[in-house]
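Below is one structure, written out as structure tokens, with a few remarks after it.
Bear in mind the structure is a predicted one, so any value in this text is a computation, not a measurement.
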Amino acid sequence: QVQLVESGGGLVQPGGSLRLSCAASGVTLSNYAIGWFRQVPGEEREGVSCISAIDGRYTYYTDAVKGRFTISRDNAKNTVYLQMNSLKPEDTAAYYCAAESITTVEAMCAPNRGTYEYDYWGQGTQVTVSS
């Protein structure tokens, strides 16, 4: 059974940092582009950052997180990370990771795509930025 499990969320003060992890079981994550998405109740899901398969040479960041967030992958650990620095209250959301086998990072992070369009989807981890 394939599972993507997110971890690393929590409560942090503005300006703080968190590192989210997306760990996979039952699937070789390096064969997939991986994306991080976030959603606030009542709002549309947003593609935060995506990284290409294999060596992760291509990355995408939504404008709101450029310069603050960094996506990376460790294929030996079958895990993708999202390092989040200089966090702001508007970063508060549930964060999800997803895997897609044939895509570009821009397409993977594009808005208005249903979860069914991705090969695998995690259960999410909550990030709350508040003083």
Exercise. Is the closest basic N to carboxylate O distance between Asp91 and Lys88 below 4.0 Å?
Worked result: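 Answer for the salt bridge query: no.
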Open item on the list: Do the side chains of Glu44 and Arg38 get close enough for a salt bridge, i.e. N-O under 4.0 angstrom?
Closed with: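 A salt bridge is absent here (no side-chain N lies under 4.0 Å from a carboxylate O).
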Under the 3.5 angstrom rule, does the side chain of [X] hit a backbone N or O of [Y] as a donor-acceptor pair?
| X | Y | value |
| --- | --- | --- |
| Thr104 | Ala107 | yes |
| Thr103 | Glu100 | no |
| Arg68 | Ser86 | yes |
| Glu106 | Ala110 | no |
| Asn75 | Asn78 | no |
| Thr59 | Ile51 | no |
| Thr128 | Leu11 | no |
| Arg73 | Ser52 | yes |
| Thr79 | Asp74 | no |

- Task: Answer with yes or no after comparing the ring centroid distance for Trp36 and Phe69 against a 6.0 Å cut-off, counting only values under it.
- Result: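 They do not qualify: ring centres at least 6.0 Å apart.
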Using atom types as modelled, flag every donor-acceptor pair under 3.5 Å from a side chain in residues 12-19 to any protein atom, sequence neighbours excluded.
residue, atom, partner, partner atom, Å
Ser17, OG, Asn85, OD1, 2.9

| said: Show, in sequence, the C-alpha distance, side-chain angles and deciding distance for Trp121 and Phe37, and conclude whether the ring-ring contact (aromatic ring centres under 6.0 Å, His included) test is met. | reply: CA-CA 10 Å; Trp121 196 263; Phe37 302 82; 5.2 Å; yes
Minimum heavy-atom separation for [X] to [Y], with atom names?
| X | Y | result |
| --- | --- | --- |
| Cys50 | Gly35 | SG-CA, 3.6 Å |
| Ala93 | Val40 | CB-CG2, 3.8 Å |
| Ala53 | Ala33 | CB-N, 3.7 Å |
| Leu20 | Met84 | CG-CE, 3.7 Å |

| request: List the steps, then state whether side-chain contact (heavy atoms from CB on, under 4.5 Å) holds for Glu6 with Tyr96. | output: CA-CA 7 Å; Glu6 301 94 335; Tyr96 302 85; 3.8 Å; yes
